[in-house]
Amino acid sequence: MHDFTIKFVKNIRQIMTAPMLILFFVSTSKEVIILDVRRWIKIVEMIDNSDLVNLLHLLDEYPEFRNIYYYRIKKGNFIGFLLMQIIKLFYKECPSLFLNSNHIGSGLFIQHGFSTMVSAESIGDNCWINQQVTIGYNSQKERPTIGNNVTINAGSKVIGKVTLNDNVTVGANAVVVKNVPNNCVVVGVPAYIVKRDGVKVKEQLI
């Protein structure tokens, strides 16, 4: 009986979330939204239902995903953008998560969106960002560029006109103010390399 009640409540919540699908159907960003959905369901280990059912579940359960969804809609066509202004009155974003980038590749995963500012020039595919991360400017115009498969752990700061190349991991609370090469793990304040291509090192960023 208990399991039935939980399932019933979840079904009701998904029905209540269904109006958000209007944005999906009118948007020109369907392909990247579906790629986002497929990555999220793997990470959060959801049951692999249809893409639309999974989309509804994510929109209902994960406020951080909702922010990404609205970002995709905003970057799509004007009709979707206008409808989003109405939908957002009823279906709120995660209030402490801010996405302000010219381009965000598919599959961005944000694990806990608390006090997180993402203001990059661009972000590649399949990136992972944790809570209390700041990615942003050090002047009016200079902000980071993030490559593919980059992980930025809790409390980290990536500041200014720097590039995090592909397959980079930024350790918790690190401060990155210089470019990071491919396939590196960086930690510390200021950040330095502790692993390159799977091999332990201790190298300063240049």
Side-chain angles (χ1 to χ4, degrees), residues 32-46 48 58 61-69 71-72 75 94 96-139 141-206:
V32 68
I33 291 170
I34 292 301
L35 291 173
D36 289 339
V37 168
R38 291 175 180 174
R39 180 152 196 254
W40 274 68
I41 64 167
K42 288 180 181 178
I43 293 172
V44 302
E45 298 182 343
M46 274 174 46
D48 190 5
L58 291 169
E61 293 286 338
Y62 296 94
E64 297 87 352
F65 183 85
R66 195 174 289 183
N67 287 53
I68 296 170
Y69 182 66
Y71 173 88
R72 302 300 187 197
K75 290 293 183 178
C94 178
S96 61
L97 169 61
F98 304 93
L99 301 177
N100 176 26
S101 297
N102 290 335
H103 170 78
I104 296 176
S106 65
L108 174 63
F109 181 74
I110 297 179
Q111 187 178 42
H112 313 304
F114 174 71
S115 190
T116 299
M117 169 62 74
V118 181
S119 185
E121 194 63 31
S122 66
I123 297 175
D125 295 333
N126 298 322
C127 290
W128 181 311
I129 298 172
N130 279 79
Q131 70 271 23
Q132 295 182 307
V133 164
T134 298
I135 301 171
Y137 295 90
N138 68 351
S139 71
K141 297 182 179 180
E142 295 183 342
R143 58 180 179 169
T145 298
I146 311 297
N148 300 312
N149 307 308
V150 171
T151 298
I152 303 176
N153 284 294
S156 298
K157 295 173 178 59
V158 183
I159 304 297
K161 192 176 181 180
V162 299
T163 298
L164 273 60
N165 285 283
D166 296 346
N167 310 311
V168 163
T169 297
V170 179
N173 297 313
V175 177
V176 181
V177 293
K178 294 183 179 180
N179 295 339
V180 182
N182 291 327
N183 310 315
C184 286
V185 178
V186 297
V187 300
V189 182
Y192 59 94
I193 302 170
V194 293
K195 187 176 288 188
R196 183 195 287 265
D197 297 318
V199 177
K200 290 183 179 180
V201 296
K202 187 174 183 180
E203 301 175 8
Q204 299 300 314
L205 295 173
I206 300 173

Please list, one pair per line, the donor and acceptor atoms closer than 3.5 Å that link side chains of residues 198-206 to other protein atoms, with sequence neighbours excluded.
| unit_1 | atom_1 | unit_2 | atom_2 | d |
| --- | --- | --- | --- | --- |
| Glu203 | OE1 | Arg196 | NE | 3.2 |
| Glu203 | OE1 | Arg196 | NH2 | 2.8 |

Query - Which residues share a ring-ring contact (aromatic ring centres under 6.0 Å, His included) with Phe65, sequence neighbours left out - result: Trp40
Query raised in the report: Can you list the residues that meet the side-chain contact (heavy atoms from CB on, under 4.5 Å) rule with Val189, with sequence neighbours excluded?
Result: Val175
Query raised in the report: Tell me, which pairs form a salt bridge (charged side-chain N to carboxylate O under 4.0 Å, His left out) where one or both residues lie in residues 167-186, sequence neighbours left out?
Result: none
Query raised in the report: Can you check whether Leu58 reaches Met46 side chain to side chain, under 4.5 Å on heavy atoms?
Result: yes
Report task. Might you work through the side chain to side chain contact (heavy atoms under 4.5 Å, CB included) test for Leu97 and Ile110, ending with a clear yes or no? Result -> CA-CA 9 Å; Leu97 169 61; Ile110 297 179; 3.9 Å; yes
**Report entry** Main-chain N/O of Gly124 paired with Asn148 side-chain donor or acceptor, under 3.5 Å
**Finding:** no
Query - Point-to-point distance, once rounded to the nearest 0.5 Å, from CG of Asp166 to SG of Cys184 - result: 11.5 Å
Report task. Measure from the side-chain N and O atoms of Arg39 to the backbone N and O of Cys127, and report whether any donor-acceptor pair falls under 3.5 Å. Result -> yes
**Report entry** For Pro144 against Gly136, the heavy-atom pair lying closest together
**Finding:** CD-O, 3.3 Å
Query raised in the report: Is there side-chain contact between Ser122 and Thr145, with at least one heavy-atom pair below 4.5 Å?
Result: yes
Report summary line: Residues pairing under salt bridge (charged side-chain N to carboxylate O under 4.0 Å, His left out) where one sits in residues 181-193, two or more places apart or in two chains, turn out to be none
**Report entry** Residues that Asp36 engages under side chain to side chain donor-acceptor pair (under 3.5 Å), provided they are two or more places apart
**Finding:** Arg72
Query raised in the report: How about Thr169 and Val186: do any of their side-chain heavy atoms sit closer than 4.5 Å?
Result: no
Requested in this report: For side chain to side chain contact (heavy atoms under 4.5 Å, CB included), just list the numbers for Ile104 and Tyr71, CA-CA rounded to whole Å, side-chain angles, deciding distance to a tenth of an Å, and then say yes or no.
Outcome: CA-CA 9 Å; Ile104 296 176; Tyr71 173 88; 3.6 Å; yes
Report task. Supply the atom-to-atom distance Asn67 CG to Phe98 CZ, rounded to the nearest 0.5 angstrom. Result -> 9.0 Å
Query - Set of residues satisfying side-chain contact (heavy atoms from CB on, under 4.5 Å) with respect to Asn179, sequence neighbours excluded - result: Val162, Thr163
Query raised in the report: Regarding Asn183 and Asp197, is there a side-chain donor-to-acceptor distance under 3.5 Å anywhere?
Result: yes
Requested in this report: Report the C-alpha distance between Thr134 and Val118 in whole Å, list the side-chain angles of each, state the deciding distance to 0.1 Å, and finish with yes or no for side chain to side chain contact (heavy atoms under 4.5 Å, CB included).
Outcome: CA-CA 6 Å; Thr134 298; Val118 181; over 6 Å; no
Query raised in the report: Side chains of Ile135 and Val133: closer than 4.5 Å at any heavy-atom pair?
Result: yes
Requested in this report: Side-chain contact test, heavy atoms from C-beta onward, threshold under 4.5 Å: evaluate it for Ile68 versus Phe109 and give yes or no.
Outcome: no
Under 3.5 Å, which donor-acceptor pairs do the side chains of residues 149-158 form with other protein atoms, sequence neighbours left out?
| unit_1 | atom_1 | unit_2 | atom_2 | d |
| --- | --- | --- | --- | --- |
| Asn149 | ND2 | Asn167 | OD1 | 3.3 |
| Asn153 | ND2 | Val170 | O | 3.0 |
| Ser156 | OG | Asn153 | O | 2.9 |
| Ser156 | OG | Gly171 | O | 2.6 |

Query - Donor-acceptor contact below 3.5 Å, side chain Ser115 vs main chain Gln132 - result: no
Report summary line: In this structure, CE of Met117 is separated from CD1 of Ile129 (nearest 0.5 Å) by 12.0 Å
**Report entry** Spatial distance of atom CD1 (Ile146) from atom CD1 (Ile123) [nearest 0.5 Å]
**Finding:** 6.0 Å
Report task. Mark yes when over 12 heavy atoms from residues, nucleotides or ligands other than Lys75 sit less than 6.0 Å from its NZ; otherwise mark no. Result -> yes
Query - Any pair counted as salt bridge (charged side-chain N to carboxylate O under 4.0 Å, His left out), so long as it reaches residues 97-118, sequence neighbours left out - result: none
Query raised in the report: What salt bridge (charged side-chain N to carboxylate O under 4.0 Å, His left out) pairs are there with at least one residue in residues 106-132, not counting sequence neighbours?
Result: Glu121-Arg143
